[in-house]
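As the structure is a computational prediction, the values presented were derived from the model and not from experiment. Counting convention: from 1, in listed order, for ligands and their atoms alike.
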Amino acid sequence: MIMGFKLLPEVFWGAGSLKQLADVLRNIKAEYVLVVTDQGIVKAGIADKVISVAKEVCSRTEIFDQIEPDPKDTTVAACAAKYKNDRPDAIVAVGGGSCMDFGKAVNVLLYNDGTIQDYKNQWDAIPNLTGTLVTIPTTAGTGSELTDFAVISDTSTQQKVNLIGKSVVATQAIVDPELTVGLPAGITAATGMDALTHAIESYACKTPNDLSDMLSLKAVSLIYNNLKTCVVDDPTNIEARSAVMMGSMLAGCSFANALLGLVHGIAHPLGAVWHVPHGVANAFGLPYVLEYEIPSEGERIINVGRAMGLTKEDLQPEDVITAIKELMKEIHIPMMSEYGVKEEDLDRLADLAMQEMGYICNPVQPSKEELVEILKKMYVRA
Ligand SMILES: NC(=O)c1ccc[n+]([C@@H]2O[C@H](COP(=O)([O-])OP(=O)(O)OC[C@H]3O[C@@H](n4cnc5c(N)ncnc54)[C@H](O)[C@@H]3O)[C@@H](O)[C@H]2O)c1
Ligand SMILES: [Fe+2]
């Protein structure tokens, strides 16, 4: 069998690795750096830390700190327009998936003509390679630090769209679990469920391979066995934070190759239209999409359970799904209704989800009626 596998940016990993940013900037002789981030990261004091390391090397540092959750195409365009004729030597994107995706998209527009709409949802459609982009995740997380995707909100259609390909990927990723220690419990829970969804969806998917399987199952083990510690028991435990962050990164590497499925297909419209945070939206769908997939993915779901550490002799897919629901309860994942989603919205949600790449890439495609049934179970958390 011939297998292609993308190993994406150069990665610096570990508690305290933020200081590597100085070497990264020194090696490319950067004098002028643009830091892109959001207000939460500024308030947490992380933006200042990043800028102080950048200043060891660069004589000019600029900051753009107006990124919104699920970044909008219009904000990307405004930032790119501001810096297009005064292009920095490097962009440093620090924050959760929203900030990293924003940095990727701005990098694309700094080195290419046109708009996000010109390149959306097409593989390798972006003509020019881009400049140095360092991603520094502060959630664990999206895995965006090393994927070749950027998810941007298209304000003209209220849809989340993807930029995809070599021009999108960061040149370096600095993955420092210390940056997640102050993450509030709700965001830790949500982003951890996003990472767990990446790990499971990239394993029970249409196009897995031996390498992605290894990464996915290791990620499942690290995330499932440490997330509750990070959210509830001991949020400043650096070993648990490191484990979940490693899991998130491995899951990102896996899904960049094996792709995702219907859980993300449902989560994207929940984010774009109802503004449900991405990780929470994935948590809503994960157990119920797995339930639907038991006939085709049952064996794989059992393997996921083994990776979670479930030791029951005659382990069934249903036991694995119950354990995931239990974790969701323990880390206080909210209900759909808490985000203003109404039962009568589920029909429209089904229509929107069926237009998503995640629906098309799923190992089995439910009919509209079946999808509405899945959504109804999600809604009441049956
Ligand atoms: N490109 C990819 O491969 C990929 C994969 C999955 C998800 N995504 C996208 O990523 C986005 C979601 O990213 P996210 O879940 O990381 O959330 P986010 O980036 O939207 O951040 C959520 C909130 O957490 C705050 N925050 C982040 N880190 C913090 C810290 N250490 N301390 C205090 N506050 C902190 C932020 O300020 C923000 O208010 C979505 O748009 C989703 O579609 C992209
Ligand atoms: Fe995700």
Working to the nearest 0.5 Å, report the span between CD of Gln117 and CD1 of Ile152. 10.5 Å
Are the side chains of Trp274 and Met336 in touch, meaning some heavy atoms are under 4.5 Å apart? no
Check whether any side-chain heavy atom of Lys342 lies under 4.5 Å from a side-chain heavy atom of Ser337, and answer yes or no. no
If you measure every N/O of His264 against every N/O of ligand 1, is any gap under 3.5 Å? no
Of the listed options Leu183, Leu146, Thr191, closest to atom 29 (C) of ligand 1 (non-hydrogen atoms): Leu183
For the CD1 atom of Ile51 and the OG1 atom of Thr37, what is their distance to the nearest 0.5 Å? 8.5 Å
When Asp154 is tested against each of Gln159, Lys160, Lys120 for side-chain hydrogen bond (donor to acceptor under 3.5 Å, both in side chains), which residue passes? Lys120
How close does the nearest protein non-hydrogen atom get to atom 5 (C) of ligand 1, and which residue and atom is it? Thr142 O, 3.4 Å
Among the clusters formed by ILVMFWY side chains lying less than 4.5 Å apart, do Leu310 and Ile294 turn up in the same one? yes
Per-atom contacts, ligand 1 versus Phe149 - under 4.0 Å to a heavy atom: 1 (N), 3 (O)
Ignoring angles and geometry beyond distance, decide whether Asp194 reaches within less than 3.5 Å of ligand 1 through its nitrogen or oxygen atoms. no
Hey, is ligand 1 close enough to Ala150 that some N/O pair sits below 3.5 Å? no
Which residue owns the protein heavy atom closest to atom 13 (O) of ligand 1, what's the atom, and how far is it? Gly97 N, 3.1 Å
Salt-bridge contact Asp89-Lys29 (side-chain N to carboxylate O under 4.0 Å): no
Pick whichever of Ile187, Asp70, Val42, Thr147 has a heavy atom sitting closest to atom 3 (O) of ligand 1. Thr147
Test: Glu291 and Lys325 ion pair at under 4.0 Å: yes
Any atoms of ligand 1 less than 4.0 Å from a non-hydrogen atom of Thr139? List them with their elements. 16 (O), 27 (C), 28 (N)
Closest to atom 31 (N) of ligand 1 among Thr180, Leu179, Ile164 (heavy-atom distance): Leu179
Going only through I, L, V, M, F, W and Y residues with side-chain contacts under 4.5 Å, is there a path from Leu129 to Val169? no
Quick test: of every protein heavy atom, which one is nearest to atom 9 (C) of ligand 1, and how far off is it to 0.1 Å? Asp101 OD2, 3.5 Å
Basic-acidic side-chain contact under 4.0 Å: Glu373, Lys376: yes
Looking at Asp23 and Arg26, is any side-chain nitrogen of the basic one under 4.0 Å from a carboxylate oxygen of the acidic one? yes
May I ask you to identify, for Phe255, whether its side chain, its backbone, both or neither come under 4.0 Å of ligand 1 on a heavy-atom basis? side chain
For Gly96, the ligand 1 atoms with a heavy-atom partner under 4.0 Å come out as 16 (O), 19 (O)
Any idea which protein heavy atom is nearest atom 33 (C) of ligand 1, and the distance to it? Pro184 CD, 3.8 Å
Shortest non-hydrogen contact from Thr155 toward Thr74: OG1-CG2, 3.6 Å
In terms of its nearest heavy atom to atom 26 (N) of ligand 1, the top option of Ile41, Thr197, Thr37, Val168 is Ile41
Taking atom 18 (P) of ligand 1 as the reference point, the nearest protein heavy atom with its distance: Ser98 OG, 3.4 Å
Is the shortest distance from a Lys or Arg side-chain nitrogen in Glu370 or Lys368 to a carboxylate oxygen in the other one below 4.0 Å? no
Got the closest protein heavy atom to atom 28 (N) of ligand 1, with its distance? Thr138 OG1, 2.7 Å
Looking only at protein heavy atoms, what sits closest to atom 38 (C) of ligand 1 is Asp38 OD2, 3.8 Å
Keeping waters out of it, list the protein N, O or S atoms under 2.8 Å from the Fe ion (ligand 2). Asp194 OD1, His198 NE2, His264 NE2, His278 NE2
Ring centroid separation for Phe64 and Tyr83, is it under 6.0 angstrom? no
Subset of ligand 1 atoms that lie under 4.0 Å from at least one heavy atom of Gly40: 37 (O)
Is Val276 linked to Val263 within one hydrophobic cluster, defined over Ile, Leu, Val, Met, Phe, Trp and Tyr using a side-chain heavy-atom separation of less than 4.5 Å? yes
Would you say His198 contacts ligand 1, with heavy atoms under 4.0 Å as the rule? yes
Carboxylate-amine/guanidinium contact Lys19 Asp176, below 4.0 Å: no
Those atoms of ligand 1 less than 4.0 Å from some heavy atom in Lys160: 40 (C), 41 (O), 42 (C), 43 (O)
